[in-house]
Protein chains: 2
Amino acid sequence: MLKLTKKADYGLMALKYLAEHPETAALSAKDIADAYGIPAQLLAKILQQLTKAGLLRSHAGMNGGYALSREAREISAYEVIHAIDGPFFITSCTKGSKSCELTPSCTIKEPLARVNETIAGVLKSISIQDLTEQEHPAGHAQEASRLIFLTL
Amino acid sequence: MLKLTKKADYGLMALKYLAEHPETAALSAKDIADAYGIPAQLLAKILQQLTKAGLLRSHAGMNGGYALSREAREISAYEVIHAIDGPFFITSCTKGSKSCELTPSCTIKEPLARVNETIAGVLKSISIQDLTEQEHPAGHAQEASRLIFLTL
DNA sequence: GCAATATCCGACTGGTTCAGTCCGCGTTTA
DNA sequence: TAAACGCGGACTGAACCAGTCGGATATTGC
Ligand code: SF4
Ligand code: SF4
């Protein structure tokens, strides 16, 4: 099955929330968690990971919190997921640590790697700002479209 | 993280193997398992699921086994994954059984649903036959390309 | 008929990952 | 100095995955 972890899910929500509140200097983890009902401590750790990855800037102390380190337009969903869940691969042959032992005899890893790259491309083409637009259910906000190339 | 289960992985390998041996009337689960080093009993159950989903035809008894019920061109990777792992959703709000309880307050489920559909589209556009082609590392087998539309 | 070869199907187990919590520490500010 | 906040490791229960076992049924070859 192909599933996104809830951590990545929460991370995207938090970033979107930050993108929607650019006026405030910083928002604390608890603020964001309360806004959506996410467990505060869990979200805190997620935001820490995003900070370590360079997507957020943190500020400790009272009235501290987190703020985007770049423009929402410049942060892709791929980066968020990568920062939280680590490098993702569709298959188990991650080539890094513990590849599946039938890698040599396997004949579908190359095509699947292309599929993997295509999906990564989809996620890379989506920015945090894309998530914030398309409110206005009236729909006159022209929906952004993208073309993805899949080369087998 | 976004990962394909090994069962689906094995299923794709098995179907590809069947597609490459159209001359034989039927191949047993053990035959295919031995060809790749997949645990035989595990593959057997996977093939049973694919049979139940209508992608394969089975025949019990000696010299029995499995054969594709359609042409390789007509079987998509999406169908295989769906048959083995069930309906897949990127997010946990599957709306079916146990959706995550912050579905109402969540503001990113709609865009993520579109992403989900886009990825499904990628998988639907890939057939078993696509996996068998692109052997011939010479590369003169023109690589099939597809355009995927992502509408946020 | 009988034995060998298959599919079929549910139950079971060990291992890994996920979601969430707890607790102690460093930092900033009122 | 104390409250508010970020930081980070350790921990737990639950869910899921990979793989195994055992038995039932169907078909074929002899
Ligand atoms: S090698 Fe083949 S079987 Fe093993 S994980 Fe990669 S794709 Fe799946
Ligand atoms: S509702 Fe929002 S948070 Fe809950 S699973 Fe769907 S997308 Fe993730």
Side-chain angles (χ1 to χ4, degrees), chain A residues 1-11 13-14 18 24-34 36-53 56-67 69 81 84-86 88-89 91-94 97-98 100-102, chain B residues 1-11 13-14 24-34 36-53 56-67 69 81 84-86 88-89 91-92 94 97-98 100-102:
Chain A
M1 183 123 50
L2 229 42
K3 206 184 284 181
L4 209 58
T5 61
K6 276 202 166 180
K7 287 189 189 176
D9 211 342
Y10 294 160
M13 292 172 73
L18 286 171
T24 61
L27 287 168
S28 74
K30 188 169 183 309
D31 290 337
I32 305 175
D34 289 349
Y36 290 113
I38 303 173
Q41 298 197 85
L42 180 56
L43 181 63
K45 241 190 340 204
I46 295 167
L47 296 178
Q48 287 164 29
Q49 287 184 268
L50 293 174
T51 303
K52 214 164 56 175
L56 293 178
R57 291 200 186 286
S58 64
H59 187 55
M62 286 187 72
N63 298 325
Y66 299 90
S69 73
I81 296 170
I84 294 173
D85 288 336
F88 80 73
F89 290 90
T91 58
S92 303
C93 46
T94 57
S97 46
K98 249 210 290 193
C100 110
E101 64 261 16
L102 34 96
Chain B
M1 183 124 50
L2 227 43
K3 205 182 284 180
L4 208 59
T5 61
K6 276 202 167 180
K7 287 189 189 175
D9 210 342
Y10 293 160
M13 292 172 73
T24 61
L27 287 167
S28 75
K30 190 172 182 307
D31 290 337
I32 305 175
D34 288 349
Y36 290 113
I38 302 174
Q41 300 197 84
L42 180 55
L43 182 63
K45 237 185 348 198
I46 295 168
L47 296 179
Q48 286 164 28
Q49 288 184 266
L50 293 174
T51 304
K52 215 164 55 176
L56 293 177
R57 289 201 186 286
S58 63
H59 187 55
M62 287 185 72
N63 298 324
Y66 297 91
S69 72
I81 297 170
I84 295 174
D85 287 336
F88 80 73
F89 289 90
T91 58
S92 304
T94 58
S97 46
K98 249 210 289 193
C100 112
E101 64 261 18
L102 35 96

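Chain naming here is simple, since letters A, B, ... match the order of the sequence lines and numbering starts at 1 in each. Owing to the predicted nature of the structure, the values given are computational and were not obtained by experimental measurement.
- Here D:dC7 presents its P atom at 18 Å from NZ of A:Lys30, a figure rounded to the nearest Å.
- When each of D:dG8, D:dA3, C:dT5 is scored by its nearest atom to the side-chain atoms of A:Met62, the top-ranked nucleotide is D:dA3.
- Taking atom CG on B:Leu27 and atom P on C:dA6, their separation rounds to 11 Å, with Å as the unit.
- Across all strands shown, A:Lys45 has heavy atoms under 4.0 Å from base atoms, whether or not it also approaches the sugar-phosphate.
- For B:Asp9 and D:dA18, the CG to P distance is 9 Å, given to the nearest whole Å.
- Using a 4.5 Å cut-off on side-chain heavy atoms (C-beta onward), B:Leu102 and A:Tyr36 make no contact.
- Of the candidate nucleotides D:dC5, D:dG8, C:dC8, D:dC5 has the atom nearest to the side chain of A:Ser28.
- An OP1 or OP2 oxygen of D:dC7 is reached within less than 4.0 angstrom by a side-chain nitrogen or oxygen of A:Ser58.
- The separation between B:Lys52 atom NZ and C:dG10 atom P is 7 Å, rounded to whole Å.
- Checking the phosphate oxygens (OP1, OP2) of D:dC5, no side-chain nitrogen or oxygen of A:Tyr66 falls inside 4.0 Å.
- Rounded to an integer number of Å, the gap from B:Leu56 CG to C:dT7 C1' is 12 Å.
- Between B:Asp31 and B:Thr24, every side-chain heavy-atom pair lies at or beyond the 4.5 Å cut-off.
- Checking D:dG19, D:dC5, D:dC21 against every side-chain atom of B:Gln41, the shortest atom distance belongs to D:dC21.
- Side chains of A:Ile32 and A:Ile38 form no contact here, defined as non-hydrogen atoms less than 4.5 Å apart.
- Contact between A:Ala26 and A:Asn63 at its shortest, heavy atoms only, is CB-O, 4.5 Å.
- A:Gln48 has its CD atom 15 Å from the P atom of C:dT27, to the nearest Å.
- Residue contacts shown for A:Ala29 are limited to sugar-phosphate atoms, with no base heavy atom under 4.0 Å away.
- At whole-Å resolution of the value, CZ in B:Arg57 and P in C:dT7 are 16 Å apart.
- Closest contact between the side chain of A:Asn63 and the listed nucleotides C:dA19, C:dA30, D:dC7 involves C:dA30.
- Nearest nucleotide to the A:Ala60 side chain, out of D:dG6, C:dC9, D:dA18: D:dG6.
- Contact check, B:Tyr10 against D:dA18: no side-chain N or O comes under 4.0 Å of OP1 or OP2.
- Distance A:Leu50 CG to D:dC7 P: 11 Å, rounded to the nearest Å.
- B:Lys7 is not listed as a side-chain neighbour of B:Tyr10, based on a closest heavy-atom distance of 4.5 Å or more.
- The phosphate of D:dA4 (OP1 or OP2) has no side-chain N or O of A:His59 nearer than 4.0 angstrom.
- Here A:Thr5 does not reach the OP1 or OP2 of C:dT17: none of its side-chain N or O atoms lies under 4.0 Å away.
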